[in-house]
Amino acid sequence: MPHRTVTPGPAALTHDPWLSHSVRIERLVEEMPGVATYDLVFDDPATAAAYTYQPGQFNMLYLPGVGEAAISISGDPGEPGHIPHTVREAGNVTHALAELKIGASLGLRGPFGSAWPVDVCIGGDVLLVAGGIGLAPLRPVIYALLRNRDQYGDITLLYGARSPEGLLYADEYTDWRSKGLDFQTTVDRGTAGWKGNVGVVTELLNRMSLPRPEQTWLMSCGPEVMMWYTIQAALARELSREQIYVSLERNMNCAVGLCGHCQFGPEFVCLDGPVFRYDRVESMMKVHDL
Amino acid sequence: MADGQSNTTERFLPQTGLQHLIDLLTTDGYEVIGPQLDQGAIVYDTLTSVDDLPRGWTDRQEAGTYRLEQRNDDALFGYVVGPHSWKQYLFPPLTTISTADRTDAGWEFQTPSEPPPRRAFLGVRACELAAMKVQDRVFMGGVYVDPAYQRRREAAFIVAVNCTLAAPTCFCSSMGTGPQCTQGFDLVLTETDAGFLIESGSDRGAELLEQLPTREASESERDLGKAARQQAVDQMQRSLDTAGIRDLLLTNMEHPQWEEVGKRCLSCTNCTMVCPTCFCSSVTEVADLTGDHVERQRVWDSCFNIDFSYMNGGVVRNDVRSRYRQWLTHKLASWHDQFESSGCVGCGRCITWCPVGIDLTAEVAVIRGSGSATNEMHTDVAMQGET
Ligand SMILES: Cc1cc2nc3c(=O)[nH]c(=O)nc-3n(C[C@H](O)[C@H](O)[C@H](O)COP(=O)(O)OP(=O)(O)OC[C@H]3O[C@@H](n4cnc5c(N)ncnc54)[C@H](O)[C@@H]3O)c2cc1C
Ligand code: SF4
Ligand code: SF4
């Protein structure tokens with residue numbers, strides 16, 4: 001069987017993988033038009049107590065009669081009691097979710113998938129590169145790293161969005177910076193009043209100093225082209241393939257390796273990913289239409 | 001579930017004993033499923049009598065063609081495999097995998113709880129036993145177990161029947177899966193002109209065998225059985241060269257042959273529907289009129305369907321070339337990474353039921369640089385025209 005970084009716990013394994021848990025919207029924040037963060041809590045206290053997740057993992061959110069959508073957990077893994085999901089309206093399920101109010105009931109299966117290597121990079125410098133809603137799956141990494149800030153060297157987040165309004169979680173930036181995150185943003189198109197960077201996120205990467213590339217870990221999530229150019233930039237700065245991690249997205253139906261949809265060459269993105277070390281997927285990322 | 005290997009010596013069961021077997025299984029509460037004629041093909045369906053079996057019929061198969069012919073004897077199992085496979089009973093085309101009910105307290109979710117049907121499969125071939133093992137790994141051998149499959153699988157009683165002939169589309173020998181049944185059954189039969197040779201492969205198989213009107217097989221009867229099984233080996237024409245096949249395919253992802261086969265393939269999904277190991281599915285929501293009771297129904301899907309790989313940015317495998325490549329490389333290459341076996345058991349169904357006669361063994365030969373694949377179908381049709 002293929003090597004997998006996360007092994008589900010006993011509670012997950014004895015549970016029917018198709019069976020959703022009942023959850024409720026506890027808090028709802030509109031991040032920008034068409035994107036909202038939903039904090040979900042389990043109805044059943046025992047399920048709530050048993051639930052833990054790792055940064056990078058995702059849940060299947062279920063609206064009966066509409067369907068399921070794979071959504072990354074965007075919260076603090078140290079506080080698994082309320083589970084935030086930042087969702088962009090894309091189609092049926094996400095539109096229907098956007099209609100729901102605080103207190104509404106829905107289904108959740110998870111957590112599924114592999115995790116970002118927050119333990120592997122202890123002692124090293126960490127470089128996070130996100131594009132658009134790709135910051136959501138990386139936010140748990142930010143929380144986890146800042147919680148144990150003294151275990152890491154430099155922690156840098158480079159974050160790009162189409163426009164200033166597209167930058168997620170803006171009200172947390174001050175807090176993150178005060179806790180030791182070196183944080184830069186950039187946008188494709190500035191607006192009146194925008195004084196920050198304009199341009200693609202790889203320009204920020206090219207400009208920054210990387211004092212010890214052999215001890216720097218890159219984690220990237222965003223559109224596949226963005227990740228591709230970020231990887232090329234990182235390789236040019238002498239990071240090895242083993243120090244680069246990306247989160248990939250494919251059509252996902254079952255999330256447990258039983259439906260065939262999310263295959264990416266030999267990988268099931270739901271089981272082996274979504275987070276992959278780059279050397280594992282490099283050859284496949286080069287094949288078109290895989 | 002049948003897991004044993006043949007652990008008894010062969011016994012002799014007279015032709016009339018087969019009805020006893022069907023009756024015993026029925027008395028035990030099994031619904032017996034077996035081959036029978038339907039609309040010009042041999043398919044699997046419920047049966048109660050040996051007279052339901054396709055006595056005296058055989059199938060003629062070539063790339064892109066299938067037809068039935070009368071044999072010149074009364075053999076009950078004188079054919080190979082048809083468009084059906086046992087997959088449809090273990091991993092049904094439609095399964096309700098969970099339900100949701102709206103209550104005052106919110107949505108309540110449940111696993112469907114009705115007991116799985118107790119079914120006995122009569123006439124399972126060696127390649128089909130192998131296909132079940134392949135799907136066992138998919139649905140029960142990984143991190144997550146599929147409860148719907150597991151319940152059906154564990155309830156099934158398996159009566160295998162050794163092949164005594166091979167179709168031109170069969171290539172189980174080269175896949176190491178047949179033609180002789182060696183494990184994975186409760187009982188196994190070999191049909192001869194004189195009657196059946198029968199062996200058990202599990203404890204419950206042995207128990208049933210004891211209740212059957214068998215006697216010790218004579219040496220000449222055993223020789224007849226051996227010769228019948230050997231006939232299938234001798235008739236096998238097709239083969240797939242599996243040496244290093246995983247690396248061969250995964251290092252040839254841009255081979256021009258993908259483009260070439262992409263031009264012939266209609267992306268009709270036939271090959272994936274008839275394949276006994278293909279497991280791709282999608283879930284659909286079925287709500288009652290009030291919307292308060294919802295069933296999640298898993299239905300067979302196919303990597304040849306265009307929206308199978310749909311994502312926000314568009315369809316990942318937009319052309320037929322990339323979809324055929326996905327199918328073949330999954331079957332023969334990445335399946336090894338995922339499940340430590342091939343995804344192909346050499347049953348030949350995809351070759352027979354492909355409307356344009358695409359033959360995966362020929363496609364692989366081209367990629368290997370040792371064959372041509374374009375004109376298979378035309379030759380076959382021409383040959384038939386002459387007969
Ligand atoms: C591991 C993973 C993590 C994700 N995390 C997030 C997240 O944190 N926030 C977020 O907003 N989105 C996330 N997505 C994307 C999200 O799953 C899709 O946008 C969502 O499934 C669209 O569902 P929908 O019903 O609203 O749209 P649909 O009505 O389903 O959209 C129309 C079409 O889009 C298809 N579709 C698009 N993307 C996907 C997909 N990835 N899987 C299955 N079907 C898809 C559907 O099949 C359908 O045919 C993630 C996807 C994956 C695989
Ligand atoms: S790929 Fe074709 S020959 Fe192989 S098991 Fe499937 S249907 Fe049979
Ligand atoms: S290979 Fe043949 S059966 Fe399979 S999708 Fe293509 S045309 Fe249909």
Side-chain angles (χ1 to χ4, degrees), chain A residues 1-2 4 6-8 12-13 15-24 43 62-68 88 90-92 103-109 112 223-225 249-268 271-272 283-284 286-290, chain B residues 97-98 100-102 105-111 138-139 141-149 250 253-254 278-287 291 293-294 296 298 301 303 307-313 315-319 321-323 325-326 329-330 333-340:
Chain A
M1 286 288 147
R4 292 189 173 129
V6 178
T7 330
L13 291 183
H15 187 79
D16 174 356
W18 291 107
L19 186 62
S20 300
H21 297 285
S22 305
V23 293
R24 214 162 277 281
D43 284 356
Y62 175 42
L63 302 187
V66 189
E68 284 189 325
R88 190 174 61 86
N92 290 338
S105 165
L106 62 152
L108 179 153
R109 299 189 290 128
F112 297 121
E224 243 169 78
V225 272
E249 187 184 331
R250 280 293 176 275
N251 184 311
M252 210 155 274
N253 204 277
C254 75
V256 288
L258 299 174
C259 78
H261 278 266
C262 71
Q263 287 180 84
F264 183 57
E267 315 289 355
F268 285 109
L271 293 177
D272 306 302
S283 62
M284 288 174 298
K286 291 177 178 162
V287 179
H288 282 288
D289 310 330
L290 190 66
Chain B
I97 49 163
S98 76
D101 288 282
R102 202 198 302 268
W107 286 104
E108 245 170 42
F109 304 103
Q110 242 144 28
T111 301
V138 172
F139 289 118
V143 204
Y144 297 97
V145 170
D146 186 74
Y149 180 89
L250 293 187
M253 298 299 279
E254 307 291 354
C278 275
F279 64 89
C280 287
S281 66
S282 287
V283 174
T284 56
E285 300 286 314
V286 181
H293 176 78
V294 180
R296 308 202 72 215
R298 170 171 69 188
D301 203 339
C303 55
D307 51 3
F308 189 75
S309 63
Y310 191 90
M311 280 212 313
N312 291 323
V315 173
V316 175
R317 296 181 208 109
N318 211 352
D319 55 4
R321 163 190 173 272
S322 63
R323 296 205 285 280
R325 180 179 67 186
Q326 167 61 23
T329 55
H330 184 219
S334 47
W335 208 291
H336 287 277
D337 298 77
Q338 297 168 349
F339 305 110
E340 289 171 343

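Letters go in sequence order (proteins before strands), and every chain restarts at 1. Not measured: the values here are computed from a predicted model.
Each of B:T111, B:D146, B:I97 was evaluated against A:D16; a single residue qualifies, B:T111, per the side-chain contact (heavy atoms from CB on, under 4.5 Å) test.
B:L250 and A:P266 make their closest contact through CD1-CG, 4.5 Å (heavy atoms, listed as atom of the first residue, atom of the second, distance). A:L290 approaches B:V316 most closely through the heavy-atom pair C-CG1, 3.9 Å. Pairing each heavy atom of A:L258 with each of B:F279, the nearest pair is O-CD1, 3.4 Å. A pairwise comparison of heavy atoms in B:F109 and A:L19 identifies C-CD1, 3.6 Å as the closest pair. In terms of heavy-atom proximity, A:H288 sits nearest to B:E254 at N-OE2, 4.1 Å. Smallest separation of non-hydrogen atoms from A:D289 and B:R317: O-CG, 3.2 Å.
With a 4.5 Å cut-off on non-hydrogen atoms, B:R102 does not touch chain A at all. For a residue to count as touching a neighbouring chain, one of its non-hydrogen atoms must lie under 4.5 Å from one of that chain's; by this rule B:D101 does not touch chain A. Only the side chain of B:R325 comes within contact range of chain A, judged by heavy atoms closer than 4.5 Å. Heavy-atom distances place no part of A:V23 under 4.5 Å from chain B, backbone and side chain included.
Aromatic ring orientation, B:H330 versus A:F268: perpendicular (interplanar angle above 60°, classes split at 30° and 60°). Between B:F308 and A:H261, the ring planes lie parallel to each other; the angle is under 30°, not in the 30° to 60° tilted range.
With sequence neighbours excluded, the residues satisfying ring-ring contact (aromatic ring centres under 6.0 Å, His included) with B:F139 are B:F91, B:Y149. By the salt bridge (Lys or Arg N to Asp or Glu O under 4.0 Å) test, B:E108 is found to be paired with no residue, residues two or more places apart in sequence or in another chain being considered.
Note on A:M252, A:E224, A:E249, A:R88: by heavy-atom pairs under 4.5 Å with chain B, the leading option is A:E249.
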